[in-house]
2 protein chains.
Amino acid sequence: MNIAHHLSEHDIKPSYQRIKIYEYLYKEMNHPTVDTIYKKLVGEIPTLSKTTVYNTLKLFIDKGITSTVTIEDNEVRYDAIVDAHGHFKCISCGAIYDIKYDFKDVAMNELKGFEVKETQVHVKGKCNQCLTK
Amino acid sequence: MNIAHHLSEHDIKPSYQRIKIYEYLYKEMNHPTVDTIYKKLVGEIPTLSKTTVYNTLKLFIDKGITSTVTIEDNEVRYDAIVDAHGHFKCISCGAIYDIKYDFKDVAMNELKGFEVKETQVHVKGKCNQCLTK
DNA sequence: ATCTAAATTTGTAATCATTACAAAAATATA
DNA sequence: TATATTTTTGTAATGATTACAAATTTAGAT
């Protein structure tokens with residue numbers, strides 16, 4: 001995918017920082033925190049400011065090309081995938097897995113007459129790899 | 001329900017503060033934040049400290065009689081219901097509704113071989129009341 | 001190419017929820 | 001009653017996020 005083009009398509013001017021931040025999100029797919037993104041990119045972009053990372057992610061969210069994952073109280077994570085999907089966090093190794101689920105099953109009867117804008121499913125436990133160790 | 005007894009049963013000494021905090025959680029069922037609890041109870045208990053509210057809720061969670069609701073990034077809410085259930089937050093009036101869902105539908109095939117400890121379902125949108133206004 | 005205006009980035013300080021920690025108060029035990 | 005233990009409290013520290021204004025970069029007009 002052409003990142004500059006993807007940003008432009010969503011009404012975001014493709015500055016150097018924006019391209020790098022989106023590239024990191026998109027390629028790593030590791031649901032990073034702001035701090036993770038900053039620490040990784042400041043090597044390549046020595047003048048990078050954490051404020052820029054915050055500003056940029058907020059812009060990406062406004063424009064609909066990034067979503068947040070708030071599976072923990074004390075940290076917000078970011079995801080280049082914006083389609084409805086859930087997340088599993090392993091309490092042993094800390095890895096976060098994307099999980100699909102049938103959206104209809106979750107949109108329960110109780111919400112008849114409600115307008116649903118967003119659904120987040122967060123599952124915690126131990127992952128396959130940690131269990132077989 | 002006898003709150004002192006309920007606390008004792010779960011290995012929590014029923015101090016005045018603990019009883020009042022649990023009572024608030026249990027009776028109001030409004031998924032309050034620490035600040036909400038503090039502001040409400042400090043009228044009745046003028047010496048109450050916010051630290052006590054934090055300590056007490058942490059204890060309740062450890063002992064399994066309270067759960068957290070992290071439907072927003074910037075605030076943790078608390079719930080006296082600990083059975084698996086989801087939450088709907090209205091983006092218009094801010095109210096939080098409890099919602100049941102069929103747990104099996106959410107525990108997806110992808111998590112075969114994983115050990116699931118906890119599932120949270122968070123839905124945001126507009127509630128019935130706000131829509132019909 | 002040059003000037004000017006607008007957008008973007010940056011650094012610092014402020015904010016706010018939460019935690020750490022130690023002193024004070026209350027409770028239980030001998 | 002005296003002592004040990006538990007609980008509560010207040011203050012300070014932490015850490016993520018936001019506010020804000022200056023500096024830099026980019027874009028558009030001439």
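Sequence lines set the chain letters: A, B, ... in the order given, protein chains first and strands last, and positions in each chain run from 1.
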**OP:** Using a cut-off of strictly less than 4.0 Å between a heavy atom of the residue and any atom of DNA chain D, enumerate the qualifying residues of residues 15-48 of chain A by number.
**Re:** none
Subject >> Nucleic acid contacts of residues 49-70 of chain B, taken as heavy-atom distances under 4.0 Å to DNA chain D >> reply: B/Ser49, B/Thr51, B/Thr52, B/Asn55
Original post:
When you measure from the side chain of A/Arg18 to the backbone N and O of A/Leu7, does any donor-acceptor pair fall under 3.5 Å?
Top reply: no
What pairs of donor and acceptor atoms, side-chain ones from residues 124-133 of chain A against any protein atom, are under 3.5 angstrom apart with sequence neighbours left out?
unit_1	atom_1	unit_2	atom_2	d
A/Lys124	NZ	A/Ile71	O	3.4
A/Lys124	NZ	A/Glu72	OE1	3.3
A/Thr132	OG1	A/Asn128	O	3.2
A/Thr132	OG1	A/Gln129	O	3.2

Subject >> Whether B/Phe114 and A/Phe88 hold their rings parallel, tilted or perpendicular, with breakpoints at 30° and 60° >> reply: perpendicular
**OP:** Could you state the atom-to-atom distance from CG of B/Asp11 to P of D/dT6 in whole Å?
**Re:** 12 Å
Subject >> Interatomic distance, A/Glu72 CD vs D/dT17 C1' [rounded to whole Å] >> reply: 18 Å
Original post:
For B/Arg77, which residues count as a salt bridge (charged side-chain N to carboxylate O under 4.0 Å, His left out) partner, sequence neighbours excluded?
Top reply: B/Glu75
**OP:** Calculate the interatomic distance between B/Glu75 atom CD and C/dT18 atom P; express it in whole Å.
**Re:** 9 Å
Original post:
Any chance the rings of A/His6 and A/Tyr22 have centres within less than 6.0 Å?
Top reply: yes
With a 3.5 Å cut-off and sequence neighbours excluded, list the donor-acceptor pairs that the side chains of residues 54-64 of chain A form with protein atoms.
unit_1	atom_1	unit_2	atom_2	d
A/Asn55	ND2	A/Thr51	O	3.4
A/Thr56	OG1	A/Thr52	O	2.6
A/Lys63	NZ	A/Asp11	OD2	3.4

**OP:** Using atom CD1 of B/Ile12 as one end and atom C1' of D/dT7 as the other, report the distance to the nearest whole Å.
**Re:** 13 Å
Subject >> Shortest non-hydrogen contact from A/His85 toward A/Asp83 >> reply: ND1-O, 2.7 Å
Subject >> d(NZ, B/Lys13; P, D/dA4) in whole Å >> reply: 17 Å
**OP:** Quick one: list whatever passes salt bridge (charged side-chain N to carboxylate O under 4.0 Å, His left out) with B/Glu9, sequence neighbours left out.
**Re:** none
